[in-house]
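Atom set for the values below is all heavy atoms of this structure, side chains included, hydrogens, waters and symmetry mates excluded. Numbering of ligands and ligand atoms starts at 1, following listing order.
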Amino acid sequence: MDLRFQRGPSGEWKASVVLAFAFKGEDIRKQAQALIDVAPWLDIAPALNDFTGAAGETGVLYGHPKIAIPRIILCGLGERESYTVETLRKSVAAAMQKCRELKLETVGIDVQTLAGLPGDAARNVEEAVVSAYLPLYTYERFRTTRKEPLFTPSWISLFFAEDIDSTLRDAARRGESAAAGIFLTRDLVNGPANLVTPSFLEEQARKLAARYGFTVRSMTRQEIAAAGMGAFESVFKGAVEDARLLAIEYCPRGMEKEQPLVFVGKGVTFDTGGISLKPSANMGDMKSDMGGAGAIFGLFETIGQMGGQAGAASAGFTRRVIGVMPCTENMPDGQATRPGDVVTSLSGQTIEIINTDAEGRLILCDAMTWAQREYDPAVMVDLATLTGACLIALGTDVAAVFATDDALAETVRTRGGDVGDLYWRLPLWDRYFEDLKSDVADMKNVGGREGGTINAALFLKQFVDEGRRWAHLDIAGPAYRNKKSPLCPFGATGFAVRTLMQLALHGVPEPSGD
Ligand code: BES
Ligand code: ZN
Ligand code: ZN
């Protein structure tokens, strides 16, 4: 579905349908009045009477099929007082589902009505556009029997009665690019592990680099082991599939010497648990254990769509951004790591591996040490489908954020929340490290069941340089879900792509001396 812009008097706009937004309890006819130029018949449309404006409600009104805009979908927003941008997202999503159902070829939205909703106009436009795309996602790659793919409109157009406002146009483009990034992430995370292997991810990184001008670095299992990443090595030892440490870089011109924003994403393409084998029920969902790395791919697709190495800076991506992705399977085999084994990490610290299913932290700790040595990040943020305990603590919709300073934690929470990625902060207190003390090594890779999400974060903290600004996002809940939501069908969600985009666009303010 393309994004278009039409400029001119409303009588000249063209589309199979135009969306109109209405609040509950207010005169629907009056709210739709703005569209009467577009569809004069609306004035006398009787079906208006049945539409209440409840949040997520849609009502389809028909004019004569020959006129330029032969139908209107009324989109309910609920009560004005309880309106948030989330209401708008769900409302647009419901309307687009309707467009899919009715096989409407082209969809228009009057920018004026979006800009007139409560809140910031550009934000409403960005959220409306991203929410038009997201619900239409499907994963079709391995379907051979579906006669035709699910219908998707060929374009969505924003109607401007006067000159095209460049701020609103840019906001719309951001929404479109974010959706493209999220679609890539969903494809990679939904992709089965026999397709999405570490070497497949390398290929993806190289494709992004070739298309958008990024630079890529890649290390094989021999190189990772030779570099001294004993913790990472302990995870891929039981796998036949070759592992990779990938790095992808976006560097706007003149920023080569700047300290970058570095994202480190867990890329376990399949997590069997290793010798500490997982139970077989739902084990297939563990193809999604590369959701952290997947979100980084989505971010780079978004930056690419916004102009890539050559042009994204003028769209606001003015910071140097690097994604580091340790990618491997976690498999049981004759060569696999045994519980009780002790390994030496790249940092020199030794780890007693009590449970081979706590593998994410083992690949991340070495990747973080490597990232700090190679790139000296201004801020480092790792993200990972790290612990089942996080689902127990926060449920399926919310991710945990940990950070070395309040400003960073607050930035993730608010910037993420603004785009619908919800985070709740958990503590990084050193007392939790008590659980990780080992009798034979510097630390164990697991503590008890209690506080499992925090223990994992404390483990990672041992690998963060003194004074380095670092945040850890545990996205185990929201990255992949076995239930539908308005903006996302079953499976991979693309969670965190937009959070990373927000951090890349707006940066992170300096800590306020806490
Ligand atoms: N990949 C899992 C975490 C996970 C669980 C992600 C459910 C998404 C949904 C991780 O590698 C893991 O297995 N963690 C263990 C840690 C435990 C052994 C300390 C867990 O959460 O059970
Ligand atoms: Zn695991
Ligand atoms: Zn895992």
Query - Asp289 backbone or side-chain N/O/S under 2.8 Å from the Zn ion (ligand 2) - result: no

Query raised in the report: Considering only the protein, which heavy-atom contact is closest to atom 12 (C) of ligand 1, and what is its distance?
Result: Asp357 O, 3.2 Å

**Report entry** Atoms in ligand 1 with a heavy atom of Thr387 nearer than 4.0 Å
**Finding:** 3 (C), 21 (O)

Query - Nitrogen or oxygen of Asp271 less than 3.5 angstrom from that of ligand 1 - result: yes

Query raised in the report: Quick one: does Arg361 get an N or O within less than 3.5 Å of an N or O on ligand 1?
Result: no

Query raised in the report: Just checking, is any N or O donor in the side chain of Ser485 or Lys90 under 3.5 Å from an acceptor N or O on the other one?
Result: no

Query raised in the report: Is there at least one pair of N or O atoms, one from Ala476 and one from ligand 1, spaced under 3.5 Å apart?
Result: no

Query raised in the report: If you measure only the distance, is there a donor-acceptor pair under 3.5 Å linking the side chains of Tyr212 and Glu301?
Result: yes

Query raised in the report: Does Arg186 make a cation-pi contact with Tyr137 (under 6.0 Å, within 45 degrees of the axis)?
Result: yes

**Report entry** Numbered atoms of ligand 1 (with element) below 4.0 Å of Glu359, judged on heavy atoms
**Finding:** 11 (O)

Query raised in the report: Which protein non-hydrogen atom lies closest to atom 8 (C) of ligand 1, naming both residue and atom, and how far is it?
Result: Met286 CE, 3.6 Å

**Report entry** Name, closest N/O/S atom of Asp271 to the Zn ion (ligand 2)
**Finding:** OD2

**Report entry** Residue that, paired with Leu364, satisfies side-chain contact (heavy atoms from CB on, under 4.5 Å) out of Val324, Val264, Leu383, Val268
**Finding:** Val264

Report task. Identify which of Val235, Thr356, Leu386 has a heavy atom lying nearest to atom 3 (C) of ligand 1. Result -> Leu386

Query - Part of Lys266 with heavy atoms under 4.0 Å of ligand 1, whether side chain, backbone, both or neither - result: side chain

Query - Min side-chain heavy-atom separation Ile322-Tyr250 under 4.5 Å - result: no

Query raised in the report: Hey, are Trp470 and Asp382 close enough side-chain-wise for a donor-acceptor pair under 3.5 Å?
Result: yes

Report summary line: If you compare Leu362, Ile354, Thr385, Asp285 by their heavy atoms, the one closest to atom 6 (C) of ligand 1 turns out to be Thr385

Requested in this report: Answer yes or no: does atom CD of Gln335 have more than 12 heavy-atom neighbours from other residues, nucleotides or ligands under 6.0 Å?
Outcome: no

Query - Passing option when Lys278 is tested against Asp285, Asp289, Asp357 for salt bridge (Lys or Arg N to Asp or Glu O under 4.0 Å) - result: Asp357

**Report entry** Distance, nearest 0.5 Å, that separates OG1 of Thr269 from CD of Glu329
**Finding:** 4.5 Å

Query - Whether Lys278 lies under 4.0 Å from ligand 1, heavy atom - result: yes

**Report entry** CA sep, side-chain torsions, deciding dist, call: Arg498, Glu126, salt bridge (charged side-chain N to carboxylate O under 4.0 Å, His left out)
**Finding:** CA-CA 12 Å; Arg498 297 190 72 198; Glu126 179 172 344; 3.2 Å; yes

**Report entry** Protein residue, atom and distance nearest to atom 19 (C) of ligand 1, heavy-atom basis
**Finding:** Val446 CG1, 3.4 Å

Query raised in the report: Is the Zn ion (ligand 3) under 2.8 Å from any N, O or S atom of Lys266?
Result: yes

Requested in this report: Classify the side-chain pair Tyr423/Thr499 by whether it contains a donor and acceptor separated by less than 3.5 Å.
Outcome: yes

**Report entry** Atom name of the N, O or S atom in Glu359 that lies nearest to the Zn ion (ligand 2)
**Finding:** OE1

Query raised in the report: Leu391: heavy atom below 4.0 Å from ligand 1, yes or no?
Result: yes

Query - Parallel, tilted or perpendicular: ring planes of Tyr432 versus Trp429, cut at 30 and 60 degrees - result: parallel

Requested in this report: Output the list of atoms in ligand 1 that are nearer than 4.0 Å to some heavy atom of Gly388, sorted by atom number.
Outcome: 3 (C), 4 (C), 5 (C), 20 (C), 21 (O)

Query raised in the report: By number and element, which atoms of ligand 1 are closer than 4.0 Å to a non-hydrogen atom of Asn355?
Result: 18 (C)

